[in-house]
Amino acid sequence: MPELPEVETIINDLKKKIVNRKIVGVWFDAPSLIKKPQPKDLRFKIKDLRIIDIKRRGKNILTYLINPKSKILNQKILLIHQKMTGHLLYGKWSFGKAQDKQKIIVKSLTKGALEEKVNNYIHFILYLDNGWQVGLSDLRKFAKILFGGKEEIENLPDLKNLGPEPLNESFKVEKFINLISKKRGKIKQVLMDQNVIVGIGNIYSDEILWQAKIHPFKIAEKLKIKELKNIYSAMKQILKKAVKLRGTSVSDFRDAFGKSGGYAKMLKVYPHTKRSYGVGGYQREGEFCQRCGTIIKRVKIGGRSAHFCPACQRLKP
DNA sequence: TGCAGTGTTGCTTC
DNA sequence: CGAAGCAACACTGC
């Protein structure tokens, strides 16, 4: 699910709600999501800590915590990676009877109106001292949760090996060219490699390459300076716009309040319409390029689907 | 009905 | 070495 714009949307929403809140309890029913510490220890380690900040690093959500009773500033980090179908929600859940196990979001925030909605995929809940909760919904249970001291978490390869942030002001075109022109892989895979540059996944790599008119199979180190510049500006433009529109909702992406993102209608090659998209067996293939009318192609690359216009994005000149 | 396909990542295999 | 395959898991459309 979430690439940079979606994660950015979630943390911005949550920041307004949970900073300065104290955690009064933790619940989970899928211990395999918790990689650190031992799942059984998480509850007592995290209880009574106060949330002081929430940040994004790549696609990772970092919640900074302190023990308000401790004299020394001993910061902790709760790291959540939502992977494919995970998303954090701010709400209130109550449990159905033991035999049906349904989880219900009691109230939608936006209108203040009561809205009950069953969510069977909440697997982790942080209980806050204002009566609200942060829940992790994750159909496929791929999400990753890590908790530990600030230094400890920051030094894990999960964070330490990450590439630069594409939207940082300091990430100039020269740096981008320097970085990408050394890589020998196919450009789509290079853009999606979090250890090269963070935040870009299957949706935005397709969109960036379409806009830049670059074939996804082109080898990164063989790209001309002009082509790299085009990719760089498409990347900045698309990611910024997607953040502004609160991400892309295909299938089930929602912001922290359960609302859809607005970038889906901007997609040029990645599947998004009812016709081209469903959870199973879907493709943009069969739709037309909005620039030239050619039929969009879908091809396999490293186990993922790449969508592109074979006329606008040529492999050979 | 079974299988291919889905926003991610990391490990194994060749 | 790098690239490809597959696994984690649940679900759906064809």
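In what follows, chains carry the letters A, B, and so on, assigned in the order in which the sequence lines appear, proteins first and then strands, with residues in each chain numbered from 1.
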Are A:Tyr270 and A:His307 close enough that their ring centers fall under 6.0 Å?
-> yes
Within this structure, what is the NZ-to-C1' distance between A:Lys35 and B:dT9, rounded to whole angstrom?
-> 10 Å
With rounding to whole Å, what would you report as the distance between B:dT1 and C:dA8 at their P atoms?
-> 25 Å
Taking atom types as modelled and ignoring hydrogens, do the side chains of A:Lys150 and A:Asn74 form a donor-acceptor contact shorter than 3.5 angstrom?
-> no
Please measure how far the P atom in C:dC1 lies from the corresponding atom in B:dT9, and state the result in whole Å.
-> 23 Å
Neighbour count above 12 (heavy atom, 6.0 Å) for A:Lys35 NZ = yes
Testing C:dA4, B:dT6, C:dG2 for proximity to the side chain of A:Arg184, the answer is C:dG2
For A:Arg57 and B:dT9, give me the distance from atom CZ to atom C1', rounded to whole Å.
-> 16 Å
Is the distance from OP1 or OP2 of C:dA7 to the nearest side-chain N or O of A:Arg140 less than 4.0 Å?
-> no
Once you round it to whole Å, what is the distance between P of B:dG5 and NE2 of A:His307?
-> 11 Å
A:Ser305 side-chain N/O to B:dT6 phosphate OP1/OP2 under 4.0 Å = yes
Find the distance A:Tyr263:OH to B:dG7:P and express it as a whole number of Å.
-> 16 Å
Closest of B:dT9, C:dA10, B:dT6 to the A:Leu139 side chain is C:dA10
Aromatic ring proximity, centroids under 6.0 angstrom, A:Tyr204 and A:Trp210 = no
Quick one: are the ring centres of A:Tyr127 and A:Trp27 less than 6.0 Å apart?
-> no
When the P atoms of C:dC6 and B:dC3 are considered, how many whole Å apart are they?
-> 14 Å
Phosphate OP1/OP2 of B:dT8: any A:Gln82 side-chain N/O under 4.0 Å | no
Considering just the side-chain nitrogens and oxygens of A:Lys141, establish if one lies under 4.0 Å of OP1 or OP2 belonging to C:dA10.
-> yes
Is there a side-chain polar atom (N or O) of A:Arg304 under 4.0 Å from OP1 or OP2 of B:dG5?
-> no
Minimal heavy-atom distance between A:Ala220 and A:Lys183, with the atoms involved, is CB-O, 3.3 Å
Has A:His81 got a side-chain N or O lying under 4.0 Å from the OP1 or OP2 atom of B:dT8?
-> no
Quick one: stems involving DNA chain B, counted as three or more successive Watson-Crick or G-U pairs, both distances short of 3.5 Å.
-> B:2-6 with C:10-14, B:8-14 with C:2-8
Other residues, nucleotides, ligands: >12 heavy atoms within 6.0 Å of A:Lys229 NZ = no
Quick one: does A:Arg56's side chain have a donor or acceptor within less than 3.5 Å of a partner on A:Gly58's backbone?
-> yes
Rounded off to whole Å, could you give me the NZ-to-C1' distance for the A:Lys183 and C:dG2 pair?
-> 13 Å
Can you check whether A:Lys300 has a side-chain N or O nearer than 4.0 Å to OP1 or OP2 of B:dT6?
-> yes
Gap in Å between the two C1' atoms, one belonging to B:dG7 and one to C:dG2, rounded = 26 Å
Let me know the distance between NZ of A:Lys188 and C1' of C:dA3, rounded to the nearest Å.
-> 17 Å
Report yes if at least one side-chain N or O of A:Tyr121 is closer than 4.0 Å to OP1 or OP2 of C:dC9; otherwise report no.
-> no
Does A:Lys59 make a side-chain N or O approach to OP1 or OP2 of B:dT8 shorter than 4.0 Å?
-> yes
